Amino acid sequence: MKAAVISLIVVLAMVQLMVKPGRAINCGLVDASLAPCLTYLRQGGTPPPQCCDGVRTITGMATTPADKRAACQCVKDAASHQTTLNDDAAKTLPQKCGVKMDIPISPTTDCNA
């Protein structure tokens with residue numbers, strides 16, 4: 001019985017070490033992830049693979065409600081600096097990348113909703 005308890009503790013400790021700690025949302029990383037999307041977000045068409053990789057990166061970082069709000073604010077701020085943002089391209093970007101992203105790319109998004 002004692003050996004089983006010790007084995008269980010060792011396994012749980014190993015699992016703890018294998019779990020990646022949550023990454024804090026960083027607007028610089030969000031901006032860098034969306035940078036390959038700028039041409040698509042201005043002109044539409046087909047997003048390049050690097051853009052879709054960036055969308056996946058943002059989606060992977062934003063796993064908790066707090067992370068999603070933070071990422072949303074970063075995306076909103078980035079979108080507000082783009083004067084020629086194509087709204088249709090921004091709305092369809094996640095779909096075209098085959099990613100479910102709950103963070104709209106818009107300067108008018110309410111990130112608290």
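Computed from a predicted model, the values in this text were never measured in an experiment.
Cys pair Cys97/Cys51: SG-SG separation is not below 2.5 Å.
The structure places CG of Asn26 at 8.5 Å from CG of Asp31, a figure rounded to the nearest 0.5 Å. Taking CD1 of Ile103 as the start and CZ of Arg69 as the end, the distance is 11.5 Å to the nearest 0.5 Å. Atom SG of residue Cys37 and atom NZ of residue Lys96 lie 12.0 Å apart, to the nearest 0.5 angstrom.
Screening Ile58, Thr59, Asp53, Val55 against Ser33 for a side-chain contact (heavy atoms from CB on, under 4.5 Å) leaves a single residue, Ile58.
Counting only heavy atoms from C-beta outward, the side chains of Leu85 and Arg42 never approach each other to under 4.5 Å. Taking 4.5 Å as the limit, every side-chain heavy atom of Ser106 sits out of range of all side-chain heavy atoms of Asp87. A heavy-atom distance below 4.5 Å is found between the side chains of Asp77 and Gln73. Here the side chains of Asp67 and Met61 are not in contact, with every heavy-atom distance at 4.5 Å or above. Using a 4.5 Å heavy-atom threshold, the side chains of Val99 and Cys52 count as separate. Side-chain contact between Asn86 and Gln43: absent, with no pair of heavy atoms (C-beta onward) separated by less than 4.5 Å. With contacts defined as side-chain heavy-atom distances shorter than 4.5 Å, the pair Leu41/Gln82 does not qualify.
Closest non-hydrogen pair, Pro104 versus Val75, comes out as O-CG1, 3.6 Å.
No donor-acceptor pair closer than 3.5 Å links the side chain of Thr92 to the backbone N or O of Gln95. A donor-acceptor pair is defined here as one N or O able to donate and one able to accept, closer than 3.5 Å; no such pair exists between the side chain of Lys91 and the backbone of Ile105. Judged by distance alone, the side chain of Lys76 and the main-chain N or O of Thr109 form a donor-acceptor pair under 3.5 Å. Not one N or O on the side chain of Tyr40 forms a donor-acceptor pair closer than 3.5 Å with the backbone of Pro48.
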